[in-house]
There are 2 protein chains.
Amino acid sequence: MSKKEEILKAATLLFATNGFKETSMTEVASMTGAASATVFYHFKSKEELFLSVLSSVKDGIIEEFSHYFGEKKFTNGLEMLEGTVSFYLYLAGSRAEWFLLLHRYYPYKLAKENNACRHSLEDIYNCFVDIFEKALVQGQTDGSIGKLSPRKTALLILSTVDGMVRFKNCDLYDAGALYNELIAVIRRMAANQNQKI
Amino acid sequence: MSKKEEILKAATLLFATNGFKETSMTEVASMTGAASATVFYHFKSKEELFLSVLSSVKDGIIEEFSHYFGEKKFTNGLEMLEGTVSFYLYLAGSRAEWFLLLHRYYPYKLAKENNACRHSLEDIYNCFVDIFEKALVQGQTDGSIGKLSPRKTALLILSTVDGMVRFKNCDLYDAGALYNELIAVIRRMAANQNQKI
DNA sequence: AGCATAACTGACCGATCAGTTAGTTTTTAT
DNA sequence: ATAAAAACTAACTGATCGGTCAGTTATGCT
């Protein structure tokens with residue numbers, strides 16, 4: 001791993017766990033054993049470092065999901081929906097720093113004045129919503145999903161799952177203990193009520 | 001309004017919109033037309049000011065909900081559930097600064113080492129979950145709500161509603177546009193499927 | 001080897017911030 | 001009226017931080 005990559009990795013962890021303002025460039029530098037001026041050599045400002053972190057998180061998320069869907073096959077839309085929710089929760093555990101970062105307010109505030117930031121966030125959330133929507137549409141075709149607006153329902157499912165992950169990351173209650181209930185709720189939310197599967 | 005209350009109000013707004021670290025005591029002071037030392041006269045440190053803000057938000061939320069339930073009466077549990085969700089969304093609009101503050105990570109981080117902070121947050125979230133749970137239990141008694149775990153379902157409904165409010169506050173998508181869909185989803189999630197109401 | 005360029009660093013700077021102090025003004029009680 | 005207490009303030013301090021710069025070391029090409 002190059003020094004630049006090391007810095008990016010350290011910055012991801014620090015921005016995620018401590019926030020933007022609470023993370024100093026000296027901290028990022030010392031975590032990689034470099035001088036603080038070295039960080040400024042690779043990234044011209046703290047904001048640019050943050051944008052690079054966010055962009056790399058975006059790439060990571062998109063790559064992880066496309067890899068998951070490349071391997072996994074589903075027999076119907078409802079199963080795909082449940083699989084996606086499961087994978088979302090799995091990812092929120094194995095790549096906790098990504099979701100911690102996305103659950104901070106700073107990125108969204110920066111997005112209001114910075115196009116690169118806004119685009120990274122849009123790409124990330126479109127990735128999530130598109131996948132949920134795709135599962136719902138497929139389920140409506142194969143009959144496993146009931147009559148509903150796929151886009152809006154996808155947004156509400158994302159709200160639920162993302163809200164749960166956030167509560168877990170805030171130590172308010174454990175998402176794991178709610179897993180079975182979540183799947184049941186999603187099923188009641190979306191499944192075709194007139195068909196037993 | 002006393003100067004102390006003015007400071008508390010200004011601090012609530014600033015902590016909510018800009019965050020803890022990004023808000024300076026000088027900023028809080030100048031917003032109320034006071035000298036910065038005056039803020040330290042009323043609140044011995046920045047952290048204590050934040051804790052006072054959080055505690056006042058807690059009091060406000062509990063008061064608003066008890067006022068709502070003092071006025072409103074419901075014919076069954078499902079109606080109470082829908083009313084609570086509506087009121088949650090209404091409050092998230094009219095007291096946006098409260099929810100912005102609760103959607104920041106700082107309070108939850110502070111809660112890990114500060115009991116007062118942890119208790120304020122617990123009181124707030126218990127207030128929310130207890131009300132949802134109460135509606136679900138009542139609905140199971142009167143037959144409007146189906147067979148499900150009231151506590152766990154209450155947590156999932158809070159995840160959904162709170163997640164939606166957060167997405168709205170982050171300018172990702174508008175909660176208002178999803179209102180009808182949200183109510184429909186909650187109904188599918190919780191309503192007794194064997195009974196038409 | 002020689003050289004250009006990329007990678008890296010120590011020392012420094014101006015700005016900002018939380019918090020202190022010593023003192024002044026205002027309010028309250030008798 | 002006046003003394004005590006509460007409310008308030010200007011001026012300051014030490015520490016931290018983002019960013020710069022001049023100079024050094026490492027790398028790759030011919």
Side-chain angles (χ1 to χ4, degrees), chain A residues 1-56 101 104-107 109-114 116-117, chain B residues 1-56 101 104-114 116-117 120:
Chain A
M1 191 163 35
S2 72
K3 190 117 255 175
K4 188 171 179 177
E5 286 170 319
E6 275 183 59
I7 290 169
L8 202 66
K9 197 179 162 186
T12 304
L13 203 65
L14 288 170
F15 283 146
T17 55
N18 299 331
F20 180 79
K21 195 77 178 258
E22 293 85 351
T23 298
S24 75
M25 296 299 261
T26 313
E27 220 176 334
V28 175
S30 71
M31 191 177 251
T32 64
S36 75
T38 306
V39 181
F40 284 98
Y41 170 75
H42 288 291
F43 304 92
K44 73 167 189 276
S45 71
K46 194 182 181 184
E47 187 175 304
E48 202 206 80
L49 174 59
F50 183 84
L51 292 172
S52 298
V53 165
L54 193 65
S55 181
S56 77
L101 194 78
R104 292 193 161 272
Y105 189 66
Y106 181 79
K109 197 176 177 188
L110 185 60
K112 290 174 190 183
E113 57 181 46
N114 183 295
C117 182
Chain B
M1 188 161 39
S2 72
K3 190 116 255 175
K4 189 172 178 176
E5 287 170 318
E6 274 183 60
I7 290 168
L8 202 64
K9 197 177 161 189
T12 304
L13 202 65
L14 288 170
F15 283 147
T17 54
N18 298 331
F20 180 78
K21 196 75 179 261
E22 293 85 351
T23 297
S24 75
M25 296 298 261
T26 313
E27 218 176 336
V28 175
S30 71
M31 191 176 250
T32 66
S36 75
T38 305
V39 181
F40 284 98
Y41 170 77
H42 288 292
F43 304 91
K44 73 167 188 276
S45 70
K46 194 182 180 182
E47 188 175 302
E48 203 205 78
L49 175 59
F50 183 84
L51 292 172
S52 298
V53 165
L54 194 64
S55 181
S56 78
L101 195 78
R104 290 192 165 272
Y105 189 69
Y106 181 79
Y108 307 93
K109 198 178 175 185
L110 185 60
K112 291 176 189 184
E113 57 181 46
N114 184 293
C117 182
S120 286

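Computed from a prediction, not measured in an experiment: that's the story for all the values here. Below, read A as the first sequence line, B as the second, and so on, with proteins coming before strands; counting in each chain starts at 1.
- Here the side chain of A:Lys3 is nearest to one of D:dG18, C:dT20, C:dC8, namely C:dC8.
- Comparing A:Thr26 and A:Ala37 against DNA chain D, the residue whose closest nucleotide sits nearer the 5' end is A:Thr26.
- Taking the side chain of A:Ala34 as heavy atoms from C-beta on, and the options C:dA18, C:dT9, D:dG18, the nearest nucleotide is C:dT9.
- Listed nucleotides: C:dA18, D:dG19, C:dC8. Nearest to the side chain of B:Ser24: C:dA18.
- Distances from the side chain of A:Lys46 to the nucleotides C:dG19, D:dG18, D:dA6 place D:dG18 closest.
- Because its NZ or CZ atom is not both nearer than 6.0 Å to the ring centre of A:Tyr41 and within 45° of the ring axis, A:Lys4 does not count as a cation-pi partner of that residue.
- Residue B:Tyr41 has a polar side-chain atom (N or O) positioned under 4.0 Å from OP1 or OP2 of D:dA7.
- Residue A:Glu5 contributes atom CD, which lies 12 Å from atom P of C:dC8 at whole-angstrom precision.
- Between B:Phe15 and B:Tyr106, the distance from one ring center to the other does not fall under 6.0 angstrom.
- Looking at the side chain of A:His42, the nearest of the listed nucleotides C:dT21, C:dG10, C:dC8 is C:dC8.
- One can place CD of B:Glu22 at 11 Å from P of C:dA18, the figure rounded to the nearest angstrom.
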Practice prompt. Show your working on side chain to side chain contact (heavy atoms under 4.5 Å, CB included) between A:Phe20 and A:Lys46 and close with a plain yes or no.
Written response: CA-CA 9 Å; A:Phe20 180 79; A:Lys46 194 182 181 184; 3.7 Å; yes
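- The phosphate of C:dT9 (OP1 or OP2) has a side-chain N or O of A:Thr38 nearer than 4.0 angstrom.
- Minimum heavy-atom separation, A:Cys117 to A:Ala111: SG-N, 3.7 Å.
- If you take CD1 of A:Ile7 and P of C:dC8, they are 7 Å apart, rounded to a whole angstrom.
- Nucleotide C:dA18 holds its C1' atom 14 Å from the CD atom of B:Glu48, rounded to whole Å.
- More than 12 heavy atoms of other residues, nucleotides or ligands lie within 6.0 Å of NZ in B:Lys109, so this atom counts as buried by the packing criterion.
- Distance A:Phe40 CZ to D:dC17 C1': 9 Å, rounded to the nearest Å.
- In this entry the distance linking CE of A:Met25 with P of C:dC12 reads 21 Å, nearest Å.
- Nucleic acid contact for A:Ser2: none, since no nucleic acid atom lies under 4.0 Å from a heavy atom of the residue.
- As rounded to whole Å, 16 Å separates atom C1' of D:dG18 from atom CZ of A:Phe43.
- We find that CZ of B:Phe20 is positioned 13 Å from P of C:dC17, with the value rounded to whole Å.
- Nearest-nucleotide positions on DNA chain C place A:Gly33 closer to the 5' end than the other of B:Ser45 and A:Gly33.
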